[in-house]
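For reference, the structure discussed in these notes is given below.
Proteins get letters first, then strands, A, B, ... in listed order; numbering begins at 1 in each.
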Amino acid sequence: MVTLRNIIHSAVAMMVCFGSLAGMYALLGAPIVAAAQVLIYLGAISVLILFAIMLTQAGDANLPSPFHRQVWAAALVALVVVGLIGWAVTATDWGNATVVVGIALDAMAEALFTDYALPFEILSLLLLAAIIGAIYLARRPEDDERAN
Amino acid sequence: MGLQAYLIVSAMLFGIGMFGFLARRNAILMLISIELMLNAVNLSLVAFNAYDYYSPNDTGAIFALLVMAVAAAEATVGLALVIAIIRTRQTPEVDEYSDLKE
């Protein structure tokens with residue numbers, strides 16, 4: 001999906017990828033994470049990205065190449081990273097980690113609002129800051145002049 | 001074997017995202033690639049949690065949810081930045097953004 005020339009196709013492929021990841025989360029016994037994946041990624045982020053593409057892709061489909069000149073260096077770096085992680089994964093003895101343990105939703109909710117209450121609250125602040133920042137950044141400059 | 005399979009899928013997804021981020025010229029596609037990398041990390045978090053290797057009490061799933069919220073915030077601000085830049089520079093190609101170099 002990152003090699004497609006048409007960026008709309010890339011975005012649709014990304015949505016397919018997010019959907020299959022939601023399926024994997026459900027397989028891993030984490031249906032709440034799968035639901036959040038569908039809601040946040042398939043519902044919100046995909047729509048956001050599609051809108052951004054529609055707002056910005058005016059008439060630049062005549063590019064010679066979608067890649068930088070450093071495409072081979074980038075491929076090499078990515079392959080080395082995948083190779084290192086794959087080597088670390090296969091070389092590690094994972095012991096008896098073979099049983100999928102499903103999530104107990106009540107225990108998880110209790111942990112989220114007791115042990116992890118501070119990250120949760122910080123996250124709400126971060127989201128508020130992100131909303132304000134996005135509104136400020138995406139505003140057109142002439143809106144200021146009209147307001148003054 | 002199951003945990004290894006999920007971790008290898010996660011590593012490949014991370015590699016694809018990294019390649020897209022490093023190689024593509026379109027700013028929006030670079031943001032898509034960042035989302036891919038965050039999803040790869042999420043997959044490995046949930047996999048570790050599900051196989052109960054390190055986490056006694058669903059820590060991995062909680063962190064996956066937190067990462068999702070951070071990713072949503074990052075996508076919002078990133079896309080707002082990209083749209084603002086495209087509005088002033090009239091192009092989404094990142095190698096055209098060379099004012100500071102010249």
For atom CD of A:E110, decide whether the heavy atoms of other residues, nucleotides or ligands shown that lie under 6.0 angstrom number more than 12. no
Working to the nearest 0.5 Å, report the span between CG of B:L43 and CG of A:L21. 5.5 Å
Rounded to the nearest 0.5 Å, the CG atom of B:L36 sits from the CZ atom of A:F18 at a distance of 6.0 Å
Give the cluster check for B:M68 versus A:I131: same hydrophobic cluster or not, with ILVMFWY residues linked at side-chain heavy-atom distances below 4.5 Å. no
Which heavy atom in A:Y25 sits nearest to a heavy atom in B:N39, and how many Å separate them? OH-O, 3.7 Å
Within the supplied structure, the quantity of interest is the number of heavy atoms (other residues, nucleotides, ligands) at a distance under 6.0 Å from A:M15 CE; does it exceed 12? yes
When rounded to the nearest 0.5 angstrom, what distance separates CD in B:E35 from OG in A:S46? 9.0 Å
Between A:A74 and B:A23 the two heavy atoms that sit nearest each other are CB-CB, 3.8 Å
Cluster question for you: counting only ILVMFWY and a side-chain heavy-atom cut-off of under 4.5 Å, with indirect links fine, are B:L22 and A:L79 together? no
Shortest non-hydrogen contact from B:A69 toward A:L127: O-CD2, 3.8 Å
Determine the option with the most heavy-atom pairs under 4.5 angstrom with chain A, choosing from B:I16, B:I28, B:V82, B:V77. B:I28
For each of B:L65, B:V9, B:L29, B:L31, tally heavy-atom pairs with chain A at distances under 4.5 Å, and name the one with the top tally. B:L29
Heavy-atom pair with the smallest gap, counting every atom of A:L137 and B:A80: CB-CB, 3.9 Å
Between atom CG of A:L123 and atom CG of B:L66, what is the distance when rounded to the nearest 0.5 Å? 5.5 Å
Do B:I85 and A:L48 sit in the same hydrophobic cluster, where Ile, Leu, Val, Met, Phe, Trp and Tyr count as joined when their side-chain heavy atoms come under 4.5 Å apart? yes
Would you say A:I132 ends up clustered with A:I122 if hydrophobic residues are merged whenever their side chains have heavy atoms under 4.5 Å apart, either directly or through other cluster members? no
Value for OG1 (A:T92) from CD (B:Q4), rounded to nearest 0.5 Å, stands at 8.0 Å
For chain B, which candidate among A:V71, A:L126, A:V89, A:I85 shows the most heavy-atom pairs at distances under 4.5 Å? A:V89
Just give me the residue among A:C17, A:G86, A:A75 that pairs up with chain B most often, heavy atom to heavy atom, under 4.5 Å. A:A75
For A:V81, which atoms come within 4.5 Å of any heavy atom of chain B: side chain, backbone, both, or neither? side chain
Step by step, work out the side chain to side chain contact (heavy atoms under 4.5 Å, CB included) result for B:Y51 and A:L28. CA-CA 8 Å; B:Y51 284 89; A:L28 281 167; 3.7 Å; yes
Taking all non-hydrogen atoms of both residues into account, name the closest pair between A:I45 and B:A72 and its distance. CD1-CA, 3.8 Å
Determine whether B:V41 and B:M30 fall in the same hydrophobic cluster, where Ile, Leu, Val, Met, Phe, Trp and Tyr are linked whenever their side-chain heavy atoms lie under 4.5 Å apart. yes
Side chain to side chain contact (heavy atoms under 4.5 Å, CB included) between B:Y6 and A:L27, intermediate numbers included: CA-CA 11 Å; B:Y6 281 109; A:L27 277 180; 3.7 Å; yes
Pick from B:L7, B:I32, B:T76: which one has the most heavy-atom pairs with chain A under 4.5 Å? B:I32
Contact class of A:T90 relative to chain B, heavy atoms under 4.5 angstrom: both
Flag side-chain contact, heavy atom, 4.5 Å: B:M18 against A:V82: no
Chain B neighbours within residues 35-42 of chain A, where any heavy atom lies under 4.5 Å away: A:A36, A:Q37, A:I40, A:Y41
Checking heavy atoms, do the side chain of B:F63, its backbone, both or neither come under 4.5 Å from chain A? side chain
Are A:V77 and B:F19 packed together at the side-chain level, in the sense that at least one heavy-atom pair is separated by less than 4.5 angstrom? no
Can you tell me how far the CE atom of A:M108 sits from the CD1 atom of B:I62, to the nearest 0.5 Å? 5.0 Å
Pair count under 4.5 Å, heavy atoms only, with chain A: among B:A27, B:A64, B:G20, highest is B:G20
What part of A:I49 gets closer than 4.5 Å to chain B, counting heavy atoms only: side chain, backbone, both or neither? both
Might you point out which heavy atoms bring B:L79 and A:A52 nearest each other, and give the distance in Å? CD2-CB, 3.6 Å
Verify side chain to side chain contact (heavy atoms under 4.5 Å, CB included) between B:N26 and A:S10, making sure each step is shown before the conclusion. CA-CA 11 Å; B:N26 193 304; A:S10 294; over 6 Å; no
